[in-house]
Amino acid sequence: PNADASIFQQILFNRGLDESWANANEDQFFDGSTMRNFEKGKELLFKHLNANSAICILVDNDYDGFSSGAIIFQWIKDRYPDIELEPIFTEGKVHGIIESTIPDCDLLIIPDASSSEIKQHKNLSVRGIEILVLDHHHGMGEESEYAVVINPHNKLCSYPNKNLSGGGVVWKFIQAIDEEEGKDYYQQYIDLAATSIIADVMSLQSLENKAIVNLGLRNLKNPYLKAYLKADVRVKDKPMNPILISFYFAPQINALIRMKGEEEKRELFEALSGQIPPEPVIAKLISVKGSQDRKKDSLIPRIVMKLKEKGI
């Protein structure tokens with residue numbers, strides 16, 4: 001830029017961007033149906049939805065896992081209100097499949113995890129469980145022959161945006177299905193996709209990611225997200241934005257996931273997916289984060305003392 005450029009324009013220039021980035025919109029969306037295994041995933045999902053099969057959703061242990069699970073849960077309920085869906089939760093911060101926690105079912109949907117868990121896929125397939133993985137993590141090796149895996153990091157996947165979150169992959173999957181069928185249920189869940197991209201620290205240099213964030217944060221639909229902005233005094237009545245998500249919203253949810261058990265996680269998921277009123281859950285969550293902060297603050301002086309004793 002020339003000497004008359006604003007600070008904002010200079011920052012964009014320094015990062016190889018221009019003002020089109022700031023105003024990114026649906027024109028920057030790629031076609032989700034071009035993700036490798038999209039058609040196989042769609043076919044597998046609707047085979048079980050139309051058969052009224054027993055379907056479980058494995059909810060991964062961070063905000064991206066909860067939001068991506070909530071997206072697919074609500075979207076399925078939009079289209080098949082009477083179908084039974086069973087979310088599965090695991091203790092602590094463990095990621096992926098713990099086979100002993102998976103009940104007998106016909107289809108297991110795994111958002112935000114499990115691309116490379118071929119051994120676990122095989123073991124579950126022996127039990128007659130089919131698997132749909134909607135993931136975004138690096139490190140995917142060979143394709144699993146025992147699951148349908150949709151992941152932009154598949155070396156055979158030509159989808160241009162390799163920086164989606166788990167929630168982003170799920171949202172692009174349902175967007176592509178809806179657009180093929182002339183439906184728009186997916187639009188209700190772009191706010192969850194946007195918050196998952198920020199919370200999982202995905203690159204916003206991606207124009208598609210920036211478009212999802214712009215559109216999602218401008219038009220909050222999710223009752224939990226809206227209620228949170230009224231409940232936390234630190235952000236009360238402020239607009240949802242990346243800083244708020246990164247330093248206030250997501251850390252509170254991740255604190256509950258790390259410190260609490262299955263009952264509390266289930267309650268959080270039900271609030272995030274619109275099954276129960278969010279306000280009581282948010283109040284509990286704020287209390288949990290406060291407890292975590294107090295524990296952390298009490299440990300710091302002891303750590304400093306130990307370091308001094310060791311001459312560090």
Practice task
Using a strict 4.0 Å threshold on nitrogen-to-oxygen distance, state whether Glu99 and Arg127 make a salt bridge.
Solution key: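 Not counted as a salt bridge, because no side-chain N and carboxylate O are separated by less than 4.0 Å.
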Problem - Salt bridge present between Lys47 and Glu130 (N-O < 4.0 angstrom) - result: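 Salt bridge: yes.
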[X], [atom1]: over 12 other non-hydrogen atoms inside 6.0 angstrom:
X      : atom1 : value
Glu43  : CD    : no
Glu263 : CD    : no
Glu39  : CD    : yes
Lys40  : NZ    : no
Phe247 : CZ    : no

Determine whether a donor-acceptor pair (N or O, by modelled atom type, separation under 3.5 Å) exists between the side chain of [X] and the backbone of [Y].
X      : Y      : value
Lys260 : Lys265 : no
Asp191 : Lys221 : yes
Ser203 : Gln205 : yes
Gln28  : Asn25  : yes
Asp135 : Ile150 : no
Lys162 : Tyr159 : yes
Asn209 : Ile197 : no
Asn214 : Ala22  : yes
Trp171 : Tyr186 : yes
Ser246 : Ile243 : no

Rounded distance (nearest 0.5 Å) linking atom [atom1] of [X] with atom [atom2] of [Y]:
X      : Y      : atom1 : atom2 : result
Arg15  : Ile11  : CZ    : CD1   : 6.0 Å
Ile97  : Asn123 : CD1   : CG    : 9.0 Å
Ile212 : Leu207 : CD1   : CG    : 11.5 Å
Arg36  : Leu156 : CZ    : CG    : 4.5 Å
Glu117 : Ile131 : CD    : CD1   : 9.0 Å
Tyr146 : Leu124 : OH    : CG    : 12.5 Å

Linking I/L/V/M/F/W/Y whenever their side-chain heavy atoms sit closer than 4.5 Å, directly or via other members, would [X] and [Y] fall into one cluster?
X      : Y      : result
Ile72  : Val148 : yes
Leu192 : Leu58  : no
Ile174 : Phe269 : yes

Answer yes or no: is there a side-chain heavy-atom contact under 4.5 Å between [X] and [Y]?
X      : Y      : answer
Leu107 : Leu45  : yes
Arg79  : Asp178 : yes
Tyr63  : Asp112 : no
Val281 : Lys284 : no
Asn61  : Asn254 : no
Asp106 : Ile129 : no
Val213 : Ile198 : yes
Met202 : Leu164 : no

Practice task
Start with the C-alpha gap between Glu145 and Lys122, add the side-chain angles, then the distance that decides, and say whether salt bridge (charged side-chain N to carboxylate O under 4.0 Å, His left out) holds.
Solution key: CA-CA 8 Å; Glu145 62 181 287; Lys122 181 178 180 180; over 6 Å; no
I need the minimum non-hydrogen distance between [X] and [Y], along with the two atoms involved.
X      : Y      : value
Ile118 : Ser144 : CG1-CB, 3.8 Å
Ala113 : Ile110 : O-CG2, 3.6 Å
Glu208 : Phe29  : OE2-CA, 3.5 Å
Ile282 : Ala231 : CG2-CB, 3.7 Å
Ala194 : Gly216 : CB-CA, 4.0 Å
Gly168 : Ser196 : N-OG, 3.8 Å

Exercise for the section: Please report the C-alpha distance between Phe249 and Tyr224 in whole Å, then the side-chain angles of each, then the deciding distance to 0.1 Å, and finally whether the side-chain contact (heavy atoms from CB on, under 4.5 Å) criterion is met. Expected result: CA-CA 11 Å; Phe249 174 76; Tyr224 186 102; 3.7 Å; yes
Practice task
Please lay out, stage by stage, how Met140 and Glu143 fare under the test side-chain contact (heavy atoms from CB on, under 4.5 Å).
Solution key: CA-CA 8 Å; Met140 181 180 175; Glu143 283 191 311; 4.1 Å; yes
Problem - Phe173 and Phe38 aromatic ring geometry - parallel, tilted or perpendicular at 30°/60° bounds - result: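 The rings of Phe38 and Phe173 stand perpendicular, inter-plane angle above 60°.
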Practice task
May I ask you to decide if the ring planes of His153 and His138 are parallel, tilted or perpendicular, using 30° and 60° as cut-offs?
Solution key: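 Correct class here is tilted.
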Exercise for the section: Could you check Glu180 against Lys42 for side-chain contact (heavy atoms from CB on, under 4.5 Å), going step by step and ending with a plain yes or no? Expected result: CA-CA 11 Å; Glu180 284 186 351; Lys42 177 184 175 182; 2.6 Å; yes
Handout entry: Glu19 side chain to Asn23 side chain, donor-acceptor N/O pair below 3.5 angstrom
Key =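 On atom types as modelled, these side chains do not qualify, holding no pair under 3.5 Å.
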Problem - No-hydrogen, no-angle side-chain donor-acceptor test under 3.5 Å, Lys77 and Gln74 - result: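 Side chains of Lys77 and Gln74: no pair found under 3.5 Å.
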Handout entry: Reference residue Arg266; test salt bridge (Lys or Arg N to Asp or Glu O under 4.0 Å); the match among Glu264, Glu270, Glu262
Key =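 Among the candidates, only Glu262 passes.
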Exercise for the section: Applying side-chain contact (heavy atoms from CB on, under 4.5 Å), run through Lys183 and Ile177 and close with a yes or a no. Expected result: CA-CA 8 Å; Lys183 302 182 187 300; Ile177 293 174; over 6 Å; no
Exercise for the section: Identify the residue among His137, His121, His95 that makes a side chain to side chain donor-acceptor pair (under 3.5 Å) with Ser114. Expected result: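 Single side chain to side chain donor-acceptor pair (under 3.5 Å) partner of Ser114 among His137, His121, His95: His121.
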Practice task
Run through Val59, Ile57, Val170 and flag the one making a side-chain contact (heavy atoms from CB on, under 4.5 Å) with Ile109.
Solution key: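 Going through the options one by one, the only one that passes is Ile57.
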Exercise for the section: Determine, step by step, whether Lys230 and Glu279 satisfy the salt bridge (charged side-chain N to carboxylate O under 4.0 Å, His left out) criterion, reporting the C-alpha distance in whole Å, the side-chain angles of both residues, the deciding distance to 0.1 Å, and the verdict. Expected result: CA-CA 9 Å; Lys230 296 181 179 179; Glu279 289 81 4; over 6 Å; no
